[in-house]
Amino acid sequence: MNGRILALAGGVGGARLAHGLAHRLPAERLAVVVNTGDDFEHLGLAISPDIDTVVYTLAGLADRARGWGRAEETWHFMQTLRELGGDDWFNLGDRDLALHVLRGECLRRGQTLEAVTVLLAARMGVSVAVAPMSSHPVRTRIATAAGELAFQDYFVRLRCEPSVQAIRYEGAQAAQPSALLADCMADSALAAVIVCPSNPWLSIGPMLAMPCLDAWLKQAVRPPVVAVSPIIAGAAVKGPAARIMADLGLAVSVLGVADFYGNRVDGWVIDAADAALAPALRSRGQAVFITDALMRDEADRARLAAEVLDFAGSIAARRAFDPRP
Ligand code: GDP
């Protein structure tokens, strides 16, 4: 396969696969578009958790154990904040802090979120193109029995404890795609779209809620779209994806995620533990590749990325013989 690859990513799972893809592709052939539904203002700082996880991971600066934030972090700021009676439910490491301060400063001066992301990623030595899905604010809101919550209230402050009744993506209808996303959608040489193993409702949902991307993914003629299941053997590798699926009354398996993505996806990469679900996916007309879908280390990231690229290539090759209507 030649041509650019567009990866749609949330936080940790998406960042890991994006890192693998960056190992496998020349920098100019990869574009990573990142969820901003988790973004929020906190203590006057502009925080974009998924962008930061992706950029830190691609820059080799991420903390490996936590998956988010920077390696070799210290926490003096949080300790002092606590001593002064500040809101301490959202952890911000000392090294991490500068990024949020600088981003807020650039945004206040009128720069777009995309411009700030491009600038800061370059300064961290990231050569792959990374951009938010949109520079316009999109905010994920979670309806629970206790009322509607802002995303970080649900996710961090309340540790995903309230049962989820519904999710909406405020601002998504009006959000224009970032220049990188618009450029990929207009690129006639775009080779494939990879939907990374990110939380479908919290990380990919906000992107699908943007009408431009949704309509583009639902077109009859477009590059192959391959998704990596974030659910393995009925559980999420991390985070609340499985809980949310159960709360929403959905099947907690790749089939529930496949129902959500629908015909926006042409092929599924699933774990060997879920091989029994392959016929159900194939009966929906979707191709399936079965592998070890867990990324434990960098070797796994690179291996899974190579498999995903080959799989997308095989779908593209099959289409060349049997084009879609
Ligand atoms: P968050 O923003 O930190 O919640 O991170 P993501 O949007 O990346 O969502 C986490 C999702 O990625 C969860 O549903 C995990 O099950 C999934 N995930 C994380 N690591 C892996 C992995 O190594 N393999 C697979 N298949 N899924 C993963």
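Remember, predicted model here, so these are calculated numbers, not experimental data. Both counts, for ligands and for their atoms, begin at 1 and track the order of listing.
- With salt bridges taken as basic N to acidic carboxylate O contacts below 4.0 Å, none links Arg95 and Asp63.
- Among the atoms of Gly13, some N or O lies under 3.5 angstrom from an N or O of ligand 1.
- Listed by number with element, the atoms of ligand 1 under 4.0 Å from a non-hydrogen atom of Ile232 are 26 (N).
- Atom CG in Leu45 sits 11.5 Å away from atom CG in Leu107 (nearest 0.5 Å).
- Residue Pro240 has no N or O atom closer than 3.5 Å to an N or O atom of ligand 1.
- Every residue two or more places apart in sequence or in another chain that forms a ring-ring contact (aromatic ring centres under 6.0 Å, His included) with His42 is listed here: Phe40, Trp89, Phe90.
- Under 4.0 Å from ligand 1, the heavy atoms of Ser229 that appear belong solely to its backbone.
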N/O donor-acceptor pairs under 3.5 Å from side chains in residues 232-244, not counting sequence neighbours:
unit_1: Arg243; atom_1: NH2; unit_2: Cys160; atom_2: O; d: 2.3
unit_1: Arg243; atom_1: NH2; unit_2: Glu161; atom_2: O; d: 3.1

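- For ligand 1, one of its N or O atoms has an N or O atom of Met295 under 3.5 Å away.
- The number of heavy-atom neighbours closer than 6.0 Å to CZ of Arg159, taken from other residues, nucleotides and ligands shown, is 12 or below.
- The shortest N or O to N or O distance between Val12 and ligand 1 is below 3.5 Å.
- Of all the heavy atoms of Asp50, the ones lying under 4.0 Å from any atom of ligand 1 belong exclusively to the side chain.
- Contact atoms of ligand 1 toward Ala241: 14 (O) (distance under 4.0 Å to a heavy atom of the residue).
- Taking distance alone, with nitrogen or oxygen atoms compared against 3.5 Å, Pro197 approaches ligand 1 more closely than that limit.
- Closest to atom 25 (C) of ligand 1 among all protein heavy atoms lies Ala293 O, 3.3 Å.
- The shortest N/O to N/O separation between Pro230 and ligand 1 falls below 3.5 Å.
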When you look at Arg4 and Asp183, which way does the salt bridge (Lys or Arg N to Asp or Glu O under 4.0 Å) test go after all the steps? CA-CA 11 Å; Arg4 219 163 17 154; Asp183 190 49; 3.0 Å; yes
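- For ligand 1, the atoms sitting less than 4.0 Å from at least one non-hydrogen atom of Ala236 are 14 (O), 16 (O), numbered in the order shown with element in parentheses.
- Counting heavy atoms only, Ser203 comes closest to atom 7 (O) of ligand 1 of the residues Ala15, Ser203, Gly20, Ala235.
- Residues Asp38 and Gln152 come closest through the heavy atom pair O-NE2, 2.9 Å.
- A salt bridge between Asp153 and Arg141 is absent, with no side-chain N of the basic residue lying under 4.0 Å from a carboxylate O of the acidic one.
- Listed by atom number, the atoms of ligand 1 under 4.0 Å from Gly11 heavy atoms are 2 (O), 5 (O), 6 (P), 7 (O), 8 (O).
- Shown here is Glu28, whose CD atom has more than 12 heavy atoms of other residues, nucleotides or ligands within 6.0 Å.
- One finds the CZ atom of Arg103 at 6.5 Å from the OG1 atom of Thr117 (value rounded to the nearest 0.5 Å).
- Heavy-atom proximity to Arg16, at under 4.0 Å, picks out these atoms of ligand 1: 20 (N).
- Numbered from 1 in the order shown, with element, the atoms of ligand 1 that lie under 4.0 Å from a heavy atom of Asn199 read 6 (P), 7 (O), 9 (O), 10 (C), 11 (C).
- The Gly14 neighbourhood of ligand 1 comprises atoms 8 (O), with distances under 4.0 Å to a heavy atom of that residue.
- Of the charged side-chain nitrogens involved, none lies within less than 4.0 Å of a carboxylate oxygen, so that Glu41 and Arg139 do not count as a salt-bridged pair.
- Looking only at protein heavy atoms, the nearest one to atom 13 (C) of ligand 1 is Lys238 O, 3.1 Å.
- The distance from ligand 1 to the heavy atoms of Ser198 drops below 4.0 Å at these ligand atoms: 6 (P), 7 (O), 8 (O), 9 (O), 11 (C), 12 (O).
- The two residues Leu190 and Cys184 make their nearest non-hydrogen contact at CD2-O, 3.6 Å.
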